[in-house]
Amino acid sequence: MSSDQLARLREAVQGLENIIAIVLILLWRRRGAPAVGVALRRTLLARTDRLLDETRRRTLQPLLESLVKYVVYFIALVMILRELNVDATAILASAGAVGLAVGLGAQSLMRDVIAGFFLITEGLIHVGDVITFDGHTGTVERISIRKTQIRTAGGELWTIPNGKLEVFGNKGPTSGASR
């Protein structure tokens with residue numbers, strides 16, 4: 001076998017290794033995020049009686065699952081870029097600069113995220129609470145880091161950016177159970 005043929009064979013094997021590694025990373029991403037989500041749900045359910053009440057668990061669980069999903073996606077993307085011999089550090093550094101520019105341009109989004117963080121961590125509202133905001137009274141169906149959704153008695157689903165929830169009334173949970 002000549003040295004040219006041997007070099008081409010090595011390149012082909014290296015390319016095949018990269019393809020296999022990328023496929024394995026994608027499989028890990030596909031299986032990893034749901035597996036971590038299941039572990040997170042089990043942990044939160046086990047801690048419901050000691051650290052979290054049921055309403056706070058129902059509020060935090062979707063938020064934490066979403067966060068875990070995006071972290072797993074990000075890690076998989078960086079690993080794939082490394083397999084493709086792309087310098088991920090340069091991309092991450094430029095992403096930081098772009099993130100700063102986008103952050104300055106998206107101040108309302110940042111206000112919503114910061115307000116959502118405090119709404120959730122301070123326990124001001126929970127899934128199942130009945131709140132009144134801007135003349136609309138409804139049951140909180142979903143709280144995310146960016147928005148809160150309430151369903152009125154008439155069946156309308158109102159989506160409210162958390163940055164707008166500056167003044168609202170909270171009648172507590174619909175079941176009447178205390179926290």
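Predicted model, so just to flag it, every value in this text is computed and none were measured.
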- prompt: Is W158 close to R151 at the side-chain level, that is, under 4.5 Å between some pair of heavy atoms?
  reply: no
- prompt: For S2 and D4, does a side-chain donor sit closer than 3.5 Å to a side-chain acceptor?
  reply: no
query: Are the side chains of L119 and I143 in touch, meaning some heavy atoms are under 4.5 Å apart?
result: no
task: Evaluate whether atom CZ of R82 has more than 12 neighbouring non-hydrogen atoms of other residues, nucleotides or ligands under 6.0 angstrom away.
output: no
task: Treat each ILVMFWY residue as a node, draw an edge where side-chain heavy atoms are under 4.5 Å apart, and state whether I75 and L26 are in one component.
output: yes
message: Any heavy-atom pair between the side chains of V23 and W28 that's under 4.5 Å?
response: no
message: Taking the side chain as everything from C-beta on, heavy atoms only, tell me whether T121 gets closer than 4.5 Å to F118.
response: yes
field: D129 side chain vs I131 backbone, donor-acceptor pair below 3.5 Å
entry: no
message: Membership question, hydrophobic clusters at under 4.5 Å side-chain separation (ILVMFWY): are L27 and V72 in the same one?
response: no
Rounded distance [0.5 Å steps], CZ in R146 versus CZ in R111: 11.0 Å
query: Got a donor-acceptor contact below 3.5 angstrom from the T152 side chain to the E156 backbone?
result: yes
Test item: V127 and E141 side chains (from C-beta on) under 4.5 Å apart, heavy atoms: no
query: Should T148 and R142 be marked as a side-chain contact (heavy atoms from CB on, under 4.5 Å) after you check the CA-CA gap, both sets of side-chain angles, and the distance that decides it?
result: CA-CA 6 Å; T148 299; R142 184 171 188 268; over 6 Å; no
- request: With side-chain contact (heavy atoms from CB on, under 4.5 Å) as the test, would you mind laying out the steps for V140 and Q149 before giving the verdict?
  value: CA-CA 6 Å; V140 176; Q149 292 182 323; over 6 Å; no
field: Check against side-chain hydrogen bond (donor to acceptor under 3.5 Å, both in side chains), D112 and N162
entry: CA-CA 5 Å; D112 294 341; N162 288 334; over 6 Å; no
query: Roughly how far apart are L64 CG and K69 NZ, rounded to 0.5 Å?
result: 13.5 Å
- request: Using a 4.5 Å cut-off on heavy atoms from C-beta on, say whether the side chain of I22 contacts that of L84.
  value: yes
field: Co-membership, hydrophobic cluster, residues L165 and F117, 4.5 Å side-chain
entry: yes
- prompt: Are F168 and I114 co-members of a hydrophobic cluster defined by side-chain heavy atoms under 4.5 Å apart?
  reply: yes
Contact check, side chains of T139 and I150, non-hydrogen atoms, under 4.5 Å: no
task: State yes or no: do M79 and V71 share one hydrophobic cluster built from I, L, V, M, F, W and Y residues joined by side-chain heavy-atom distances below 4.5 Å, directly or via other members?
output: yes
